[in-house]
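Remember, it's 1-based here, ligands and their atoms both numbered in the order they're listed. Keep in mind that this is a model prediction, so the values were computed, not measured. When reading the values below, keep in mind they use all heavy atoms of this one structure, side chains included, and skip hydrogens, waters and symmetry mates.
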Amino acid sequence: METIAIIGGGAAGLAAAVAAGEAARARGCAVRVVVYEASDRVGRSILATGNGRCNFSNAVVDAARYRNGAFVAAALEALEEVAGAADAPAPEAGAAAD
Ligand SMILES: Cc1cc2nc3c(=O)[nH]c(=O)nc-3n(C[C@H](O)[C@H](O)[C@H](O)COP(=O)(O)OP(=O)(O)OC[C@H]3O[C@@H](n4cnc5c(N)ncnc54)[C@H](O)[C@@H]3O)c2cc1C
């Protein structure tokens, strides 16, 4: 049996471990996925998210729910501008872009 080693049991490492296991199972492969974590437990920083309320993939994205609300509010505003620009109709072929 192959072994897949994941270094670091944070959000990324844990997600990678689940994805690796699922991908192997989908291919009918038997693998052992091992997460190596330097700390005494995995997912420690996940517990710090949302001021202790663990708001990864929050269903209601609200700047007030984040530790640095002002920064998050500015980031969300910038994202809305980018999303608005992406929704704008593409220039027609041959038309000059601004
Ligand atoms: C105070 C605070 C509040 C936050 N709030 C939010 C929030 O509200 N919403 C949100 O989406 N995000 C929030 N974040 C950010 C979020 O926690 C991080 O983006 C996320 O945890 C990053 O995940 P990661 O797996 O990339 O890294 P980490 O969570 O840092 O995981 C990396 C892991 O690897 C381990 N490691 C490092 N080196 C080694 C090694 N050599 N061998 C073995 N293990 C090792 C570490 O111990 C750690 O457990 C917050 C972060 C902090 C610090």
Options Ala38, Ala16, Gly13, ranked by nearest heavy atom to atom 43 (C) of ligand 1, top entry: Ala38
Atom pair CG/CG of Leu76 and Asp62 - distance to nearest 0.5 Å: 8.5 Å
Nearest-option assignment for atom 3 (C) of ligand 1, heavy atoms, candidates Ala48, Gly8, Gly9: Ala48
Nitrogen or oxygen atoms of Ala12 and ligand 1 under 3.5 Å apart: yes
For Ala11, atoms of ligand 1 separated by under 4.0 Å from a heavy atom: 23 (O), 25 (O)
Those residues that, when tested against Leu47, pass side-chain contact (heavy atoms from CB on, under 4.5 Å) (two or more places apart): Arg41, Cys54
For Ala20, all residues meeting side-chain contact (heavy atoms from CB on, under 4.5 Å), sequence neighbours excluded: Ile4, Val33
Ile7 heavy atom under 4.0 Å from ligand 1: yes
From Glu37 atom CD to Ile6 atom CD1, the distance as rounded to the nearest 0.5 Å: 12.5 Å
Under 3.5 Å donor-acceptor, Arg27 side chain and Ala23 backbone: yes
Ser45: numbered ligand 1 atoms lying under 4.0 Å from its heavy atoms: 17 (O), 21 (O), 28 (P), 29 (O)
Heavy-atom closest pair, residues Ala24 and Val31: CB-CG2, 3.3 Å
Any Arg44 heavy atom less than 4.0 Å to ligand 1: no
